[in-house]
Peer 1: 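Take this structure first; my questions come after.
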There are 2 protein chains.
Amino acid sequence: MRSLRYVEIAEELRRGMTRPGELLPSESELAAAYGASRVTVRRALESLRAEGLVDSRQGYGWFVVGEPVRQALGRLQTIEASLESRGVASERRVLDFGFVRAPKPVRSVLGNDVESVLRVRRLHLADGRPFARVTVWVPDALGAGLSRRDVESSPITELIGVALGGGRQTIGAAAASVSDAGLLGVPAGSPVLRCERVTFDSAESPVLVSEWVFPAGATEFVVDLPVAPQDWRT
Amino acid sequence: MRSLRYVEIAEELRRGMTRPGELLPSESELAAAYGASRVTVRRALESLRAEGLVDSRQGYGWFVVGEPVRQALGRLQTIEASLESRGVASERRVLDFGFVRAPKPVRSVLGNDVESVLRVRRLHLADGRPFARVTVWVPDALGAGLSRRDVESSPITELIGVALGGGRQTIGAAAASVSDAGLLGVPAGSPVLRCERVTFDSAESPVLVSEWVFPAGATEFVVDLPVAPQDWRT
DNA sequence: CAGTGGTCTAGACCACTGG
DNA sequence: CAGTGGTCTAGACCACTGG
């Protein structure tokens with residue numbers, strides 16, 4: 001993988017950012033400092049803006065953005081992630097771990113040649129209280145080297161050694177199953193948020209499938225969009 | 001508002017697109033055709049890519065993207081929007097229309113000086129079946145010129161004559177209230193998706209607030225993200 | 001006013017697709 | 001192979017900010 005100048009610059013800038021509100025050097029100064037053209041510097045800055053880390057005002061400059069929910073600019077953020085960033089103790093308890101025949105919907109995503117998968121079911125806790133029930137399906141080929149202890153301590157995506165690309169998530173509402181109700185400590189049939197995620201590698205091939213169930217009230221998704229899409233119409 | 005070359009080009013390209021899979025002229029050809037530099041043409045194409053309308057392959061070219069859920073690339077799309085794009089008859093029935101004191105949560109978003117708001121409650125139908133219950137709150141200043149007939153025929157965002165910027169949406173699950181259950185034709189207490197949207201103008205000031213309630217099963221949100229965010233970890 | 005970001009040009013080199 | 005998109009350069013003009 002050839003390294004990209006604007007990505008390098010973006011990373012250096014990210015590391016250099018300290019307090020919110022901090023004014024960055026001007027584009028011209030950065031260009032001189034990094035020995036790059038202004039266009040390349042801008043590209044780095046634009047990518048940081050897309051992450052919600054910085055913003056700019058014409059005639060004023062580029063500055064580090066504060067931490068309000070704006071963090072989620074152009075991103076999708078779960079309460080889980082924001083808890084983590086606030087340092088709330090979060091814990092993952094593995095409920096079961098084993099290889100199973102791939103369920104049809106999982107197979108249709110991962111490819112029909114994927115017959116067997118590693119299935120990991122977990123309960124996520126925040127401050128000791130059940131927060132989400134998660135199931136992850138990973139193709140045999142990627143899951144064969146993982147131990148139960150591995151997945152207890154690290155995110156699976158970090159263990160499988162695959163460079164991740166994008167993801168797709170569908171978010172819906174459902175009624176809590178008896179099993180999930182028991183795990184999450186809510187009445188059976190009460191509303192839950194149910195998410196299905198597909199995670200892709202950098203070549204846009206599906207790597208794993210996961211399902212997330214959150215009790216209503218405990219979780220909300222926040223989506224900030226830089227430009228109002230057409231169906232934003234009201 | 002000075003017109004931007006790359007926006008103009010993007011609009012012309014958007015109008016010119018026909019079938020999915022269609023290959024666009026090369027960047028150089030487009031640059032020549034529009035009398036613009038390749039950089040400007042690229043910028044137009046990148047903006048269309050951000051909308052999920054086109055994509056590119058190095059060495060191959062730019063092409064019109066098919067209609068699968070990919071449409072939502074980097075966007076948030078409701079079933080409502082995709083129904084519309086598929087030409088399913090969708091209807092909006094105004095339930096009530098009037099000026100009320102701004103509820104506290106609405107006020108806290110629109111600003112404490114906003115005391116009175118136009119509140120419009122609507123039922124959205126798809127193929128004649130109830131699909132969503134929506135409430136929109138618009139500050140007096142913007143709502144004063146609107147008639148009930150206006151909001152029956154056009155999106156409010158188009159009526160108020162404000163250039164829109166971004167938006168923010170929270171998505172959660174809830175139990176259907178008795179009133180919503182009646183409107184949507186589902187049992188009271190059954191799960192619904194509940195969304196709160198804040199729409200901003202181009203100066204990032206909040207313009208209006210809306211609440212959307214969808215019966216579970218009828219709606220899902222699909223979010224595609226170009227790069228896996230940190231909490232995409234599994 | 002000097003300095004900033006926003007837009008745009010006309011070039012360049014490279015990795016990659018397809019035949 | 002010729003042609004494509006991806007990245008990058010070194011310039012330019014303008015609207016805007018702040019003092």
Side-chain angles (χ1 to χ4, degrees), chain A residues 1-13 17 21-65 73 163 165-166 202-205 226-227, chain B residues 1-13 17 21-65 73-74 163 165-166 201-205 226-227:
Chain A
M1 186 70 171
R2 177 169 144 255
S3 75
L4 299 179
R5 197 77 187 89
Y6 75 93
V7 174
E8 291 172 6
I9 295 176
E11 276 164 12
E12 294 202 40
L13 287 173
M17 297 187 308
E22 178 192 1
L23 196 61
L24 301 182
S26 75
E27 293 180 0
S28 311
E29 287 170 335
L30 290 172
Y34 289 113
S37 73
R38 215 187 118 204
V39 175
T40 303
V41 167
R42 270 189 75 79
R43 197 158 176 181
L45 289 165
E46 291 291 358
S47 77
L48 293 174
R49 162 151 49 204
E51 295 177 33
L53 295 176
V54 301
D55 203 355
S56 65
R57 280 212 317 276
Q58 190 172 10
Y60 177 70
W62 289 86
F63 49 90
V64 178
V65 156
L73 220 161
S202 50
E204 296 200 57
S205 299
V227 181
Chain B
M1 187 69 169
R2 177 167 145 256
S3 76
L4 299 179
R5 198 78 187 91
Y6 76 93
V7 173
E8 289 172 10
I9 294 175
E11 275 165 14
E12 292 201 42
L13 286 171
M17 298 187 307
E22 177 192 3
L23 195 61
L24 302 183
S26 75
E27 294 179 359
S28 311
E29 287 171 335
L30 289 173
Y34 288 113
S37 74
R38 216 187 118 205
V39 175
T40 304
V41 167
R42 269 191 75 79
R43 196 157 178 182
L45 288 165
E46 292 291 358
S47 77
L48 292 174
R49 160 148 54 199
E51 294 177 34
L53 295 175
V54 302
D55 203 356
S56 66
R57 279 213 315 278
Q58 190 172 10
Y60 177 70
W62 288 86
F63 49 90
V64 178
V65 156
L73 220 160
D201 63 19
S202 50
E204 297 200 55
S205 299
V227 181

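Reminder, nothing fancy here: chain letters follow the sequence lines and each chain counts from 1.
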Peer 1: Starting at CZ of B:Phe63 and ending at C1' of D:dT4, how long is that distance when rounded to a whole Å?
Peer 2: 13 Å

Peer 1: Rounded to whole angstroms, how far apart are CZ on B:Arg5 and C1' on D:dA15?
Peer 2: 20 Å

Peer 1: Please tell me which of the listed nucleotides, C:dC8, D:dT4, C:dT4, lies nearest to the side chain of B:Ser26?
Peer 2: D:dT4

Peer 1: Mind checking the CD-OG1 spacing from B:Glu27 to B:Thr40? Nearest 0.5 Å is all I need.
Peer 2: 11.5 Å

Peer 1: Could you tell me whether the phosphate oxygens of C:dC16, OP1 or OP2, come under 4.0 Å of any side-chain nitrogen or oxygen in B:Arg57?
Peer 2: no

Peer 1: Please name the residue in the list B:Glu11, B:Arg42, B:Arg43 that meets the side chain to side chain contact (heavy atoms under 4.5 Å, CB included) test with B:Tyr6.
Peer 2: B:Arg43

Peer 1: Do the charged groups of A:Glu46 and A:Arg49 touch, with an N to O distance under 4.0 Å?
Peer 2: yes

Peer 1: If you only use heavy atoms from C-beta on, which nucleotide in C:dA10, C:dC8, D:dG6 is closest to the side chain of B:Thr40?
Peer 2: C:dC8

Peer 1: Got a second to check how far A:Leu13's CG is from A:Leu24's CG, nearest 0.5 Å?
Peer 2: 6.5 Å

Peer 1: Return the nearest nucleotide to the side chain of A:Ser37; candidates are C:dT7, D:dT9, D:dG6.
Peer 2: D:dT9

Peer 1: Less than 4.0 angstrom between a side-chain N/O of B:Tyr60 and OP1 or OP2 of C:dC16, yes or no?
Peer 2: no

Peer 1: Searching all strands shown, indicate the nucleotide that pairs with D:dC16 (Watson-Crick or G-U wobble; both distances under 3.5 Å).
Peer 2: C:dG3

Peer 1: Rounded to the Å, how far apart are A:Gln58 CD and D:dG18 P?
Peer 2: 12 Å

Peer 1: Can you tell me how far the CG atom of A:Leu23 sits from the CZ atom of A:Phe63, to the nearest 0.5 Å?
Peer 2: 8.5 Å

Peer 1: Would one find a side-chain N or O of B:Ser56 under 4.0 angstrom from OP1 or OP2 of D:dG5?
Peer 2: no

Peer 1: Check the distance between D:dT7's C1' and B:Arg42's CZ and give it to me in whole angstrom.
Peer 2: 8 Å

Peer 1: Whether A:Arg43 contacts D:dT7 is assessed here as follows: a side-chain N or O lying under 4.0 Å from the phosphate OP1 or OP2. Is that the case?
Peer 2: yes

Peer 1: Does A:Ser28 put a side-chain nitrogen or oxygen below 4.0 Å from OP1 or OP2 of C:dG3?
Peer 2: no

Peer 1: Can you work out whether A:Arg38 or B:Gly35 has the more 5'-proximal nearest nucleotide on DNA chain C?
Peer 2: A:Arg38

